[in-house]
Amino acid sequence: MKTFCSVWLLLSLVELSPAPPASQEPPLACTGAPDPAPPQPETAEDMASTGDLEPTHYPARRAAQVALHYLNTHHGSPFRVFGLQQVHKASAEDVAAGGRKYKLDFSVTDWGSGSAGPALRCSADVLFPRTERHSAPKVELHCEALQQINSTAQEDDAFYQKYISPDSTVSARDIPDSFGNMSEEMQPFWRLARVAASFIMLRESSENTEFNMAKVASITQQESSEEQLMLEFVVLLHDFPSQEIVQWKLLASWSPDRGVRVLQTEWQPRCPHATKPPN
Amino acid sequence: MILARKFYSSKMKGLLVLTALFVAVFGKKTFEGDQVLRITAKNEAQIFLLKELSEQEHLGLDFWREPVHESLPVDVYVPFHSLQAVRVFLRYNQIQYNVMIMDVQDLLDDEEREMVKYRTIPRSTDDFVYTAYHDLNSIYSFMDMLVAENSNLVSKIVIGQSYENRPLNVLKFSTGANRPGIWFDTGIHSREWVTQASGIWFAKKIVTDYGRDPVLTDILNNYDIFLEIVTNPDGFAYTHSRDRMWRKTRKPNSGSSCVGVDPNRNWDAGFGGGGSSSNPCTETYRGPSAHSEPEVKAIVDFVKSHGKLKAFVSIHSYSQMLLYPYGYTSTPAKDKAELHELAKKAIASLQSLYNTRYTYGSIITTIYQADGITVDWTYEQGIKYSYTFELRDTGRYGFLLPADQIIPTAEETWLALMAIMEHTKNNPY
């Protein structure tokens with residue numbers, strides 16, 4: 001018991017930082033050695049996660065969320081961001097090269113068109129590789145009628161024209177604010193941030209994560225380059241299984257022609273837990 | 001008199017010019033740009049002109065002080081569309097004036113702001129703004145008001161103190177002694193603001209519906225309802241003052257600079273398993289030992305000493321789910337079939353209101369493995385109808401749910417809670 005206590009005491013003295021993102025070497029902004037990704041035991045449930053899956057349960061849902069991030073990186077814009085509506089069917093199998101491949105049949109809705117938007121039916125193959133170091137899942141996606149949903153070209157162009165001017169210096173914080181408020185003007189920026197964040201969420205995903213964007217901490221417009229709107233975002237991502245809030249700074253470009261591209265990403269350890277209460 | 005008539009004829013021309021100058025009347029919804037002028041007539045002739053002016057109906061003037069005598073000031077409200085014309089008229093006739101109110105709308109806005117400031121301290125639970133998020137003091141005041149207004153039905157029990165010595169308040173709704181009980185808690189994770197907001201709404205709903213809704217009345221005539229609205233007050237205060245995303249308690253951890261324990265991993269059911277963390281710097285840190293957190297211990301003590309709770313619902317957000325035990329093991333709960341059927345019924349009721357889609361199932365299969373959670377412990381204490389809710393939404397706004405969704409969320413969730421309560425009442429054990 002004594003040895004246990006001293007070992008426990010020793011362990012608790014090691015200041016462990018919040019779990020760094022899977023794909024990046026963490027800077028030592030929080031004191032102490034970086035924690036390796038928290039162990040995810042293979043429970044009986046995990047082993048059973050092959051074959052047909054319950055579409056409303058988490059293994060299918062996490063894979064569908066990955067497919068959703070992929071969809072948004074390819075088709076998201078200031079006036080179009082997709083959200084997962086429902087998973088209809090799902091199955092998984094272990095693949096020869098190592099890894100697990102999910103086959104999904106699901107529906108998404110466009111948050112840009114309000115709650116009245118029609119659901120889009122999609123099918124996807126999502127492969128989570130099993131490698132020493134984390135590597136991004138691979139997605140093959142097909143959504144029916146993607147080209148037929150109402151084009152946002154007009155709004156995209158108007159938005160682009162408004163902000164591409166050299167005088168434009170958009171700068172904002174806390175979108176939405178603590179009360180969920182977001183001005184009309186900020187909505188396209190929020191969507192752009194969500195699309196840009198999808199690149200990161202896609203890259204960082206595994207079978208043990210389920211990411212959403214919790215909020216945009218800041219937006220700072222940079223000088224336009226090569227006729228692209230340049231935006232620096234700081235976003236807070238929420239991972240469901242660990243409940244962690246992960247902060248990323250990123251630089252993204254957008255234009256109606258080229259869509260969203262993410263040029264730089266930087267994990268910003270927050271260490272919110274590492275604050276002593278005021279005495 | 002003759003002099004006046006002479007003035008009249010040439011000055012009438014001025015008035016006609018004025019009328020000619022007058023452009024279209026704008027429909028008005030606000031008082032923007034309207035002014036109030038104080039005019040000082042220096043002789044009877046000017047008074048006469050002002051009287052003529054007052055008869056020009058199309059100008060929409062309102063004389064707060066009529067032109068009577070040159071020794072008395074004339075105050076006139078001038079709508080924006082007539083301002084130009086009136087000023088020209090006054091200058092043309094060399095009638096002195098100054099601007100008393102530069103912009104009537106500004107004045108009204110300031111007044112409104114003052115009134116709102118005065119109004120935001122509600123004087124009763126009917127005054128309380130259910131469509132907004134409130135801070136801890138407001139919520140505690142609400143509780144006291146509710147008790148004061150319904151002292152025959154509601155009382156407040158303090159089941160303990162938080163780490164930072166805030167009272168842990170539970171509202172008890174009771175119509176008789178020695179009854180079995182039903183428990184709801186909201187806000188155990190402080191950043192899940194829609195839950196505390198819904199808890200406030202539930203409290204008001206209960207007092208409103210008792211004696212009016214036959215189902216609720218029947219329930220309350222047989223069971224007590226206990227409602228802990230702010231289950232983690234330290235965390236909640238912190239979400240207002242420092243970090244909107246704070247989840248845990250605010251108790252420091254010895255040997256670490258990281259603060260806080262996940263109150264929903266701190267219960268003595270599968271405590272210490274892989275579905276919780278041993279790292280104080282993480283969101284799912286389980287704490288040094290089961291029930292180490294005073295916020296958790298207070299509920300444990302209450303449940304044990306009450307001894308007759310028959311349903312226990314712990315409310316979280318987000319992801320739109322209704323979940324039953326277990327989180328720490330994949331062994332199905334003994335009552336799984338019944339819990340599953342009841343969940344299905346409760347969700348159908350919920351969905352009937354706004355078509356909000358919910359998922360349901362056991363915690364470990366539906367959401368993730370989670371060890372040391374509230375409802376696993378309450379279930380193992382023998383409280384069969386132990387459920388966890390995850391309210392709106394599914395990730396679009398997440399924790400930052402816009403306030404206009406508070407009431408719809410509370411309304412639909414209430415239907416599910418009623419289904420659970422009704423089933424509990426109809427299936428005594």
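Just the heavy atoms: all of them, side chains too, but no hydrogens, waters or symmetry mates, feed the values below. So you know, we letter chains A, B, ... as the sequences are listed, proteins then strands, and number each from 1.
With a threshold of 4.5 angstrom between heavy atoms, Phe211(A) does not approach chain B through any atom at all. With a 4.5 angstrom heavy-atom cutoff, Leu401(B) touches chain A only via backbone atoms. Contact annotation for Ser277(B): neither backbone nor side-chain heavy atoms come within less than 4.5 Å of a heavy atom of chain A. Using a 4.5 Å cut-off between heavy atoms, Tyr318(B) touches chain A through backbone and side chain atoms alike. For Met213(A), the part lying under 4.5 angstrom from a heavy atom of chain B is the backbone only. Contacts between Asp177(A) and chain B at a heavy-atom distance below 4.5 Å involve the backbone alone (N, CA, C, O).
When Gly361(B), Ser319(B), Gly398(B) are compared by the number of non-hydrogen pairs under 4.5 Å with chain A, Ser319(B) comes out ahead.
For the residue pair Ser242(A) and Asp239(A), a side-chain donor N or O sits within less than 3.5 Å of a side-chain acceptor on the partner.
A donor-acceptor distance shorter than 3.5 angstrom exists from the side chain of Gln243(A) to the backbone of Phe240(A), with no hydrogens or angles considered. Between the side chain of Glu390(B) and the backbone N or O of Met321(B) there is no donor-acceptor pair closer than 3.5 Å. No side-chain donor-acceptor contact under 3.5 Å links His238(A) to the backbone of Lys215(A).
Ring geometry for Tyr133(B) versus Phe179(A): interplanar angle of 30 to 60°, hence tilted.
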Please list every donor-acceptor pair under 3.5 Å in which a side-chain atom of residues 82-91 of chain A meets a protein atom from a residue at least two apart or in another chain.
residue: His88(A); atom: NE2; partner: Ser107(A); partner atom: OG; Å: 2.6

